[in-house]
Amino acid sequence: MASEKSEHNHRLILPVPMYHSDFNIWSVLKNCIGKELSKITMPVVFNEPLSFLQRMAEYMEYAHVLRIAAKQTDPVTRMQYVAGFAVSALASNWERLGKPFNPLLGETYELEREEFKIVCEQVSHHPPVSAFHAEGADWVFHGSIHPKLKFWGKSVEISPKGTVTVEFPKLKEAYTWTNVQCCVHNIIVGKLWMEQYGNMEIINHTTGHKASLTFKAAGNNSKDLHHVEGFITDKSKRKLFYLYGKWTEFLKCCDYSSYEEYLKENSHKFKKDGDGRSKSPNDSPSHTPRKVLQKLNSLKVGPFKSSQHESVDEANPPDLSDGTVPKSDSTYSIDIPNSISIWKVNPRPIQSADYYQFTDFAMSLNEIESGMATSLCKTDSRYRPDIRKLEQGDIDGAAIEKTRLEEKQRDASKARKNKKTNDWNPRWFQQGQNPYNKQEDWLYNGEYWKRQFSGQVDIF
Ligand code: CLR
């Protein structure tokens with residue numbers, strides 16, 4: 001029997017296993033083809049019992065990698081660890097297909113652990129923007145995320161817009177990058193699965209070093225499932241190091257000449273595919289909403305909101321699944337001589353599949369730990385009744401509370417409009433420009449941990 005507390009006394013399991021619903025996601029989304037999903041309310045059975053703010057805090061699971069980065073004396077080695085951290089931050093997404101709750105405007109979430117403390121706030125509702133600020137030994141990590149969900153028919157494509165920044169104040173060094181895309185497949189039929197793909201360019205704004213990582217799309221036969229690779233270059237674009245691994249498992253690193261040597265000796269293993277860049281899985285024209293609607297209409301599983309009718313080839317029934325279920329790719333074992341390991345994933349708890357595919361870290365995020373009752377801000381996600389009810393297995397109760405909170409939020413917004421004080425000012429963050437890449441961002445005001453929580457609006 002597994003222990004229910006970690007060595008640091010955080011809970012390792014939720015109060016009850018999840019309810020495995022057979023509710024079909026397509027039945028909800030079929031009327032939303034081609035739409036941005038942030039305004040669609042979804043039934044609570046598709047949720048996981050965490051708010052998106054808590055989900056952002058999951059970036060911190062491997063915060064120790066930033067501590068290691070901050071200790072390095074050479075900027076190139078620092079870059080290796082910053083890249084390792086950037087990849088590690090995405091590992092918890094593996095097989096996580098529940099939808100986190102949309103945070104309410106003004107909702108906050110704090111988490112203090114041995115390696116770091118983080119504060120998150122929902123700073124805008126339409127569009128939804130979540131900001132966070134974390135700090136640990138000699139490092140600061142902050143950012144703002146505006147996830148855009150677009151439904152294409154067979155798949156949901158997610159673009160987490162926004163920038164993240166790592167700073168090493170003592171070294172006067174700052175790194176920025178943007179998040180890669182994410183795609184949930186097989187909405188209509190088949191087993192849901194998710195991939196993350198695209199390019200991530202991590203820039204050291206002080207020295208001009210870059211780590212350009214490619215998260216590969218699964219590709220034919222899932223050949224590149226979860227793979228990540230790329231190079232660290234200096235400011236004159238000279239390649240110095242090769243980084244490789246899987247965002248679900250590990251990141252390794254070797255010097256560029258070891259990589260070249262390895263390539264020469266193993267050229268049979270590497271077939272060059274085009275320009276080597278990953279293609280978006282939605283490059284296929286069959287993904288356009290119109291094509292999907294046509295297929296559905298022709299199958300007479302409609303009615304759907306489309307006027308276009310096309311005759312179909314009865315001999316070639318349209319394919320409504322979105323590729324096959326990805327196979328596991330345990331055959332992937334490139335191990336280049338002279339490599340070092342930068343980051344390695346923690347194993348998932350054995351009961352994970354009955355608990356929303358949570359990691360140990362995720363299991364602990366909604367716990368009200370002893371001592372918190374008197375210190376937590378009342379806007380903290382842990383006080384959300386709908387999330388708490390879902391966590392306890394009360395689906396109907398969760399649904400009722402979710403509706404109530406969304407109505408309360410709408411009423412508050414209307415009241416602000418009527419009073420012509422239409423503006424909402426976040427409590428802990430201010431809109432501004434990211435000082436390094438000049439993108440629009442939300443910057444922390446430094447106040448949260450003083451814990452002056454009086455006068456918070458009642459949002460729950
Ligand atoms: C991926 C990593 C990014 C931040 C980010 C933003 C939005 C998240 C996404 C991550 C993971 C997948 C996600 C998404 C919002 C909704 C989606 C949780 C964390 C789920 C899987 C959608 C399920 C419901 C659809 C099938 C309708 O840095």
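As the structure lists them, so they are numbered: ligands from 1, and atoms in each ligand from 1.
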Next item on the list: With sequence neighbours left out, write down each residue that passes side-chain hydrogen bond (donor to acceptor under 3.5 Å, both in side chains) with D394, or none if nothing qualifies.
Entry: none

Check: Regarding T379 and T108, is there a side-chain donor-to-acceptor distance under 3.5 Å anywhere?
Finding: yes

Margin query: For Y175 together with Y436, are the ring centres under 6.0 Å from each other?
Written below: no

Which protein N or O atoms sit under 3.5 Å from any N or O of ligand 1? Give atom names and distances.
residue, atom, partner, partner atom, Å
ligand 1, 28 (O), Y59, OH, 2.6
ligand 1, 28 (O), N179, OD1, 3.3
ligand 1, 28 (O), N179, ND2, 3.3

Would you list the atom pairs, donor with acceptor, under 3.5 Å between side chains in residues 61-71 and any protein atom, with sequence neighbours excluded?
residue, atom, partner, partner atom, Å
E61, OE2, N346, ND2, 3.0
Y62, OH, N346, N, 2.8
R67, NE, E115, OE1, 2.9
R67, NE, E115, OE2, 3.0
R67, NH2, E115, OE2, 2.5

Solution key, residues 136-147 side-chain donor-acceptor pairs under 3.5 Å, sequence neighbours excluded:
residue, atom, partner, partner atom, Å
D138, OD1, K170, NZ, 2.9
H142, NE2, E167, OE2, 2.7
S144, OG, D441, OD1, 2.7

Next item on the list: Would you confirm whether S6, through its side chain, and H10, through its main-chain N or O, come within 3.5 Å as a donor-acceptor pair?
Entry: yes

